[in-house]
Amino acid sequence: MCALQRLWMGCRGRCPPVLSLLLPLYFLFAQGAITIPNHYNLPLLQKLPNLTEVPKSVTAFFREDVVLTCSATGNPTPQIRWLKDGVQFGSEMSGSGKINASEEEEEAVELQSYAGVYQCFASNDLGTAMTQTVEVIVEPYPFVGKENRLEKTAYESESLILTCNPPKRLTPPHIYWMGSRMRYIHQNDRVMTGLDGNLYFANLISSDSRSDYNCFAQYTAARTIIPVTEASLTVQPSNEVVRGRKPDLLQPHGSHTAVQALRGRSVTLECIPKGLPTPRVEWQKTDGDLKTTSASLDSFDRWLYFNSITEDDDGEYRCRAHNDHGNATHSFTVTVEAAPYWVKKFSDMMYAPGETVRLDCLVKGNPEPTITWRINGEPLTAVDEDPRRSVAGSTLILRDVVVSDTAIYQCEATNVHGSILQNINLFVVELPPQILSSDGIVYKVFEGEQVNMDCESFGAPRPQITWLREDAVSLLLDNRVSLFTNGTVQLVNVTHEDRGAYICSVDNANISITANLEVYNRTVIHKGPQDVNVHLGQTAYLDCSFYKDSRLRAKVQWKKGEQDLNFPMPNKSRFNLHRNHTLQVKKVQQNDTGRFSCEVRTDPVGQVTATGSITVLAPPDPPTSVSLSSIEDYSATLSWIPGSSHNSPITEFIVEAEEKPQMDSGAAAWTEWTTVPGDFRLFQLSLQPFCWYRFRVAAVNELGQSKASEPTKLHSTPAAAPRSNPTNVRSNSTEPGVLLITWDEMEKRLHNGQDFQYRVYWREADSRNAEWNWAYAKSPPFTVNDTGTFTPFEIKVQAVNAIDSGPAPEAKTGHSGEDKPEEPPTGVAFSVMNSTVRVTWNEAQNVRGHLLGYRLYIRRLGSSSGRDRRSLGKHHHTAERHQLEQHKLANRNNWVEVVHGSKTTTDVTGLRLFSQYELELTAFNSKGESPRSSPVRFNTPEGAPGPPASLTFESPTETSLILHWSPPHEVNGELQSYKVQYQQEGGSQMEIPIFNVFFNVNQFELMNLDPSSFYLFKVIACTAAGCGPPITRRGATLMEGAPPTNITVVSSVTSFNLSWVPEDRHRNHGFHIHYLRKSAGGQWEKSELINSTQGFYSLTGLQPGTEYSLRILHDNNTHWQEMLRTVGPVPSEMPGRFATQGWLIGLISAIVLLILILLILCLIKRSRGGKYAVKDKEKKEIDFDLQNKDETFGEYRSLESDGDEKRSDSQQSLCDDSKLGSEDSLAEYGDSVDIQFNEDGSFIGQYSGRSAAAPHGSSGPASPLNPAPPPPFAPSMSGILNRPS
């Protein structure tokens, strides 16, 4: 059998390992007292005596004072008996017993005979309860045989004590000092009653003289007040009043007092001083903080009072009495001890047989109490020993209790300060087992959760519970199961397989119940409400999407905080609940901010909850209580209280002001005064004199700005002298002989008073001792005549109003009007460094104004040799191109350099080398410039030339190449020679041949070149100063050409459009296309001559819907052949005599007339937009540039780009020839066309090679430098027309 089976359950087979964890709990449960459940069917039981009323100690002055009461309840009714001084007193009584001396029949019994120690006992069949001992104290009635009479005489300022001395009793009386009319003697820090009942005077004054000081003692227990002392006091005058007295203590005496106190009692520490003036008393805890104690000050700080003193109040205290003449102190040592007191009291306990009972007597005291145990009022030592009973310290242990152990156990604690006693009722009982939980309960639970199935049972001894499944298998074999002491079984991580019936039964009794378990799929909220931030007035949505078991009915309940939201909501149409349970809040308001929760209730199984929130964001409310405070003449403090921030912190406050001068009758506008950080609540304002002010404040957060607050009351400032003068005082003279003084006019708000004007001062600057001239002006400017030309003056302007003048102004320097400089600069000198000349000169004199700078007029006279350059080009249009380049450089032949300020030296850069220049210099001011200086001439030295202007190629054979170049644009001296270099790509750097060519030669032929390689070619020009940079080009020789074979043909109604990709590095080859109509009478025809490099040709004039045979012959062999058909219907034979029809003749005539009209239009269009030769284009460019000499160098459009534009225009003409081509095509210059670019990227357009007529449709042959790019496969007409040449 399992170890726990005795306790509360049964097992079958081996105990599961998990139960071993519960074994230590057995000993805890075995000590538990029984609490009978309310719904247990309890049989009638006996009850131990229970004291309901206990006696208390009394002090008796009369027989009526001796009343001791004792009563108890129980079943059977307890018998009450008394012991007096340990001896039986009186007879036993049932249920209640009272000792009342006034009801005794024998009146002769003396009151003193009732004095003694009493104890009450209440007993029945189960046990005996007893009370704590009480004492009856008998005292004689207090009285005074003869009232004491005192007569006292003393001087003013002396201290005095009037004693009372009442009769001594165990309970001290209350003392009262009164006058003859039963009025209390007025007490204060000078006059007071001490703890001993005496009346203390710290110092006497004349008004203390009286003959009716009466002391009365009140004895509360005796219910009487008796007069004790009558005193008379006479106070005589004294001269010591003025000198005063040092403090001393009337009570207590000495320097230290030891105070013994009991916990819970009241304790008073007393210090009554004397002295003049009346001393003050201060208290302190010398070994701690007085504030941490339970003490309080009383009786004018003369008493330190503890109402209920504790052990924490133990320690050292000190009082200090002091006045102007010194101080006096007294120390107290307070020792707090305690009579025994309970830490915890027992209640009645019920146990089942066989359990262990532990009775702890939890008590404290100081000194430590002694513990005594009793059973039914008898000391434990007087009861028979029992091995099951033992005492360990303050604990009584009863093991394996039986019914006969039912009794009342008494715990008594005693020390020197008293004793306490407690009755502990122990009831050992046997009760029949009962199952208190209901039968047939159905438990519903979600899968994965836990369920508790109840089987509450009760009995004594405690019943043993067993849980079984429907198949009689113990439920405790499942590791997921836990069994609690009350019989409830807990099943965790429930699955659907756990559904069914479970049986709970009591071992060894025919008692059982059945519990049924139903398992449901969990309810899950897929998408719950989120934390939503929404702007004021917008709409917020909170989702609540969930899944539930189909067997359950779900109810969705929305809550705001703890309040349910019920739909439809009356008077709250802003809240809507959608069918998908989404909560919609329209036009959100500030009070919509809060937590919202969605509860999906699937009662009775349970509910799930998801929580979100709505935070309404809005601009803040305007501040309130905006007001001015701490107002002075010209300053005030603006304060405000922020409004609601609406969930977005206030970042700043905007202070706006309405400021208006008092003399201004117009309305003032609100303007921003300043901004203040969001954590500020006030701002110090500095105000202008003689103005009206109102202020308001607006708050700002991330959402925006609040409305402005209510403005402050209108506030005015008094007038004052101007605080400042006008700024930017200056002369603005434009005419000689006139001094024009001006300044920035001051704002009206700065006038500070009425009658505002300006006081203008002036005097010549060179006469420091001259008197200031001054005059008043209402506004600027101020004019002074007859001042000479550009004469310096000291000027200043001061603000003035009706109160006074402004601060002393600062003088500025101004001048009268300027005139043009009279003399040119002198001492012009130069120093030439290559293309830079440094020019120096003397500072200009007699400028007659502010010198703004100098102008250098520079003119190039020509080259140093007398001619600009050598032009030895031999191509047909080299001269024209040279003229163009010279024109581009013309803008550097005449120019002006400007030197600002007073500098007398400058560097002129960018000069052309080997040139002669002429230079003139002027000075200028705002009125104009001086005459020019005498011209000076200088020459720039000879230098290395620039690169040749162009480099082109001509390939007469596959192994030779002719290089053509033109002279450099910048010769920079006398041209001496050219150097020609070339290198095969990938060849050795060490094998670069160099050829020297005379300066008058501009071509060179290279032989024995590799046809399969590309070369790099360089041409360098040289002068006596050295050789310049090269012009570099990449090129190769050209192969012999052949007709194309990769031809793509696109058919149309009356033509074939042929396109092909020209071969790279092949010379142009002329060929014809032979075509034959495949019908009766057809003969071979051929097209015009076509260039292989043009890439496209349109064969026109064909019949619609007709089949043709096309071929190309090369070296008398068929090179390419194709059978093709045009688009359209097949032509049919005309009926007989068709040509004789009259309508046909008219139709043909109309067609001919229409064609003539179209031809005329084409000619007109062609004359406007047709193509023209590049040579003519260049001439027009030159003519255009010569007409625009003032334009800057380099602003010339590329001839190539213009050529493209013209070509585009011509290609869009309505009269383009169907065979594509132009008689002025570039190809007319030969089968080798070189398209070159100079160094700055502009198009040169130099052509060379053998002359050959280019047929229509040709786009130009390929070049050794720029092979023709391949056209796209099957190109469109527009793409072909726009293909680059």
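Reckoned from all heavy atoms, side chains included, excluding hydrogens, waters and symmetry mates.
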Please check: side-chain N/O of [X] versus main-chain N/O of [Y], any donor-acceptor pairing under 3.5 Å?
X	Y	answer
Asn423	Met130	yes
Thr335	Gln260	no
Asn415	Ala338	yes
Asp498	Thr495	yes
Asn376	Ile408	yes
Gln464	Arg462	yes
Ser419	Thr414	no
Asn75	Lys47	no
Thr131	Cys120	yes
Glu92	Arg81	no

Donor-acceptor side-chain pairing of [X] and [Y] below 3.5 angstrom:
X	Y	result
Asn452	Gln490	yes
Asp65	Thr59	no
Arg399	Ser390	yes
His496	Asn521	yes
Thr128	Ser123	yes
Tyr141	Thr224	yes
Ser71	Thr52	yes

Atom [atom1] of [X]: over 12 foreign heavy atoms under 6.0 Å:
X	atom1	answer
Asn38	CG	no
Arg169	CZ	yes
Asp384	CG	no
Asn508	CG	no
Lys364	NZ	no

request  = May I have the step-by-step check of salt bridge (Lys or Arg N to Asp or Glu O under 4.0 Å) for Arg480 and Asp478, ending in yes or no?
outcome  = CA-CA 5 Å; Arg480 297 175 298 144; Asp478 194 332; 2.9 Å; yes
task = Run the numbers on Val494 and Glu449 for side chain to side chain contact (heavy atoms under 4.5 Å, CB included), then give the verdict.
result = CA-CA 6 Å; Val494 176; Glu449 293 187 351; 5.9 Å; no
On a heavy-atom basis, which atom in [X] and which in [Y] lie closest, and how many Å separate them?
X	Y	result
Trp342	Cys411	CH2-O, 3.6 Å
Ala115	Lys84	O-NZ, 3.3 Å
Ala122	Leu51	CB-CD2, 3.9 Å
Tyr341	Gly365	CE2-N, 4.2 Å
Trp373	Leu359	CZ2-O, 3.6 Å
Ser94	Thr77	OG-CG2, 3.5 Å

Output the distance between atom [atom1] ([X]) and atom [atom2] ([Y]), rounded to the nearest 0.5 Å.
X	Y	atom1	atom2	value
Trp467	Ser512	CH2	OG	10.5 Å
Ser294	Asn307	OG	CG	8.0 Å
Arg551	Tyr520	CZ	OH	5.5 Å
Phe306	Thr268	CZ	OG1	9.0 Å
Ile36	Leu45	CD1	CG	6.0 Å

ask   = Given Ile424 and Met349, is the side chain to side chain contact (heavy atoms under 4.5 Å, CB included) satisfied, shown in steps?
value = CA-CA 8 Å; Ile424 306 170; Met349 296 184 295; 3.7 Å; yes
note = Asn486 meets the side chain to side chain donor-acceptor pair (under 3.5 Å) criterion, sequence neighbours left out, with Thr488
task = Please say which of Leu398, Val402, Thr356 ends up in a side-chain contact (heavy atoms from CB on, under 4.5 Å) with Arg388.
result = Val402
key: Beyond-backbone contact of Ile465 with Cys504, side-chain heavy atoms, under 4.5 angstrom   =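 They are in contact (side-chain heavy atoms under 4.5 Å apart), so the answer is yes.
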request  = Any chance you could lay out the side chain to side chain contact (heavy atoms under 4.5 Å, CB included) test for Tyr502 and Leu517, step after step, and finish with the verdict?
outcome  = CA-CA 8 Å; Tyr502 295 85; Leu517 180 62; 3.9 Å; yes
query = Would Tyr114 and Leu68 count as a side chain to side chain contact (heavy atoms under 4.5 Å, CB included) if you check the C-alpha gap in whole Å, the side-chain angles of each, and the deciding distance to 0.1 Å?
reply = CA-CA 11 Å; Tyr114 287 96; Leu68 302 178; over 6 Å; no
